[in-house]
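Structure first, then comments.
Ligands are counted one by one from 1 in listed order, and the atoms in each one are counted from 1 as well.
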Amino acid sequence: MELPVISNAAPEEASGGGCSSSGCGTAPDALSHLPDHIRAKVQDHPCYSEEAHHYFARMHVAVAPACNIQCNYCNRKYDCSNESRPGVVSELLTPDQAIKKVLAVAAEIPQMTVLGIAGPGDPLANPARTFETFEQLSEKAPDIKLCVSTNGLSLPQYVDEIAKHNIDHVTITINCVDPEVGAKIYPWIYWNNKRIFGIEGAKILIEQQQKGLEMLTSRGILVKVNSVLIPGVNDEHLKEVSKIVKAKGAFLHNVMPLIAEPEHGTYYGIMEQPEPTPEQLQDLQDACAGDMAMMRHCRQCRADAVGLLGEDRGDEFTMDKIDVMDVDYEAAMVRRKEVHDSIIEKLEAQRGHTKPKPQGIPEGSRPVLMAVAGKNGLVAEHFGHAKEFLIYEASPDGVRFISHRKTELYCGGMDSCGEGDEEPDSLLDRNIKVLEGCEVVLCSKIGFEPWGKLEAAGIAPNGEHAMEPIEEAVMAVYKEIAATGRLLPSTDSLKVA
Ligand code: CLF
Ligand code: SF4
């Protein structure tokens with residue numbers, strides 16, 4: 001799977017087990033420096049282009065149940081329909097079912113431009129199912145980009161097959177380049193019909209990943225590298241990984257936080273391996289950013305995700321619903337092209353528009369982190385309805401997207417917005433903890449109780465910029481704080497007004 005299962009079964013046995021931001025990372029003009037042929041490949045890919053993920057959707061089909069390695073953060077047997085993390089699926093599909101599903105989704109969601117196979121196991125440990133799906137799709141839906149995500153163990157042997165099917169986006173999950181580090185992440189690999197444990201197994205995996213990366217980039221296939229940040233295991237080491245994969249031609253590096261909850265039944269979850277804090281993740285992404293383009297908008301998708309990143313429409317496309325849909329794909333392609341052309345035209349118009357440096361911020365002002373309950377690029381969510389907060393940093397250089405942080409929903413309805421007594425305080429407290437490090441939270445509306453608790457936690461709630469574009473609202477608040485003189489080094493940190 002795209003990344004982040006406990007199973008000691010051999011591969012053949014192991015089985016089943018929109019974005020709301022406005023200007024994340026690859027800013028509107030961040031693609032302008034790219035050669036035309038590369039830009040054409042990424043401009044409508046929601047993972048390879050941060051800009052594209054606001055407009056274009058992706059979907060995954062879960063046709064690949066088996067895996068050929070074991071990662072300590074993975075348990076494919078755990079499934080919860082509310083869970084969004086790699087390896088989680090509700091329905092395992094045959095290639096034929098997958099094709100039906102893709103055509104139905106593509107007709108219904110014309111913005112869906114990319115079909116990825118990312119699990120729930122490793123697509124290349126299920127080559128027959130994976131390549132049959134790709135082959136049928138390139139014939140029946142030539143307007144859909146194909147994407148695959150792999151742990152890399154079998155990659156070198158399938159590079160020609162990947163190229164043959166016009167799969168021009170490949171993600172390799174590379175968590176280390178040192179077998180000693182690898183042995184702490186991968187207890188075993190399945191290689192040449194036997195299980196190989198520890199350092200020896202990790203060494204083979206690393207060699208295969210690096211070889212596969214070089215073979216793909218030499219063929220002009222765009223490679224994104226995903227890495228799972230595991231504090232105390234590979235945190236420092238990932239900087240080295242970033243340098244090496246960049247040197248070998250990877251297009252983008254996506255450092256994702258370890259998910260390790262005990263209820264998932266993973267080794268790390270059971271052993272209570274700490275997950276990184278948002279600050280640790282950001283620090284590492286920033287440290288690696290000097291060396292290569294970093295992806296910061298990843299949502300750690302399920303292996304059957306459907307829709308824009310950050311939204312999941314999988315429930316609308318279960319096989320029982322698809323079986324009764326009547327899809328005219330020829331007609332759908334015409335409509336899809338119109339939709340794509342109009343989005344790309346809009347993006348082209350935006351491209352090259354460089355934002356002026358903000359005025360009126362005193363020299364030496366410190367940056368401020370703000371959390372935004374956003375929707376479609378606007379400050380448009382109620383505090384209590386936000387499924388995630390978008391974290392922005394405002395500084396004298398402007399506003400930049402940093403990350404998203406997931407919340408647990410607690411609001412009982414539009415009217416109560418966090419004031420209902422049906423929800424436990426502890427949930428609100430946990431959500432406020434998610435916002436640690438932020439000084440302001442922008443939302444369209446907020447209840448009295450969360451307002452008070454945010455203030456008590458030193459986070460200023462702000463509902464005054466409802467329905468404004470996010471970056472403009474963040475900068476407006478930053479300027480308001482700057483005007484009070486509280487951003488200069490000698491002054492106290494921001495106090496809630
Ligand atoms: Fe899927 Fe992965 Fe292709 Fe994207 S996801 S196979 S590259 S189409 Fe994207 Fe999801 Fe992050 Fe993956 S947000 S988990 S990076
Ligand atoms: Fe799970 Fe295999 Fe993916 Fe590792 S490579 S996360 S074990 S499916």
Inset, instruction - Walk me through it: do Glu132 and Arg129 pass the test salt bridge (charged side-chain N to carboxylate O under 4.0 Å, His left out)? - result: CA-CA 5 Å; Glu132 187 187 334; Arg129 298 169 66 102; over 6 Å; no
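Look at Met256 and you'll find every heavy atom at least 4.0 Å from all atoms of ligand 1. Ligand 2 lies within reach of Tyr73, whose nearest heavy atom is under 4.0 Å from it. Residue His169 places every heavy atom at 4.0 Å or more from ligand 1.
At a threshold of 4.0 Å, the pair Asp286-Arg296 counts as salt-bridged, since one of the basic side-chain nitrogens sits closer than that to a carboxylate oxygen. Salt bridge absent: Glu108 and Arg313 never bring a charged side-chain N and a carboxylate O closer than 4.0 Å.
For the pair Gly212 and Pro156, the tightest heavy-atom approach, listed with the atom from each and the gap, is N-CG, 3.9 Å.
Residue-level proximity to ligand 1 for Cys147 is carried by the side chain, the only part with a heavy atom below 4.0 angstrom. Under 4.0 angstrom from ligand 1, the non-hydrogen atoms of His60 all belong to its side chain. Residue Val148 does not touch ligand 1, judged by heavy-atom distances below 4.0 Å.
No option in Ile322, Thr94, Val105 other than Ile322 meets the side-chain contact (heavy atoms from CB on, under 4.5 Å) test with Lys100.
For atom 7 (S) of ligand 1, the nearest non-hydrogen atom from the set Gln300, Arg302, Lys224, Arg58 belongs to Lys224. The closest heavy-atom contact to atom 4 (Fe) of ligand 1, among the options Cys47, Ala118, Ala303, comes from Cys47. Remark: among candidates Ser149, Pro120, Ala125, Ala303, the nearest residue to atom 8 (S) of ligand 2 is Pro120, based on non-hydrogen atoms.
Proximity to Cys298 (heavy-atom distance under 4.0 Å) selects the following atoms of ligand 1: 11 (Fe), 13 (S), 14 (S), 15 (S). Within the listing of ligand 1, atoms 7 (S) sit less than 4.0 angstrom from a heavy atom of Thr171. Ligand-side atoms of ligand 2 in range of Asn151: 5 (S), range being under 4.0 angstrom from any heavy atom.
For the residue pair Asn192 and Lys194, no side-chain donor N or O sits within less than 3.5 Å of a side-chain acceptor on the partner. Counted by atom type alone, Ser149 and Asn226 present zero donor-acceptor pairs between their side chains at under 3.5 Å. Residues Thr113 and Lys145 have side chains that never bring a donor and an acceptor to within less than 3.5 angstrom of each other.
For a distance bound of 2.8 Å, the N, O or S atoms of Cys67 include none lying that close to atom 4 (Fe) of ligand 2.
Between Tyr48 and His169, a ring centre-to-centre spacing shorter than 6.0 Å is recorded.
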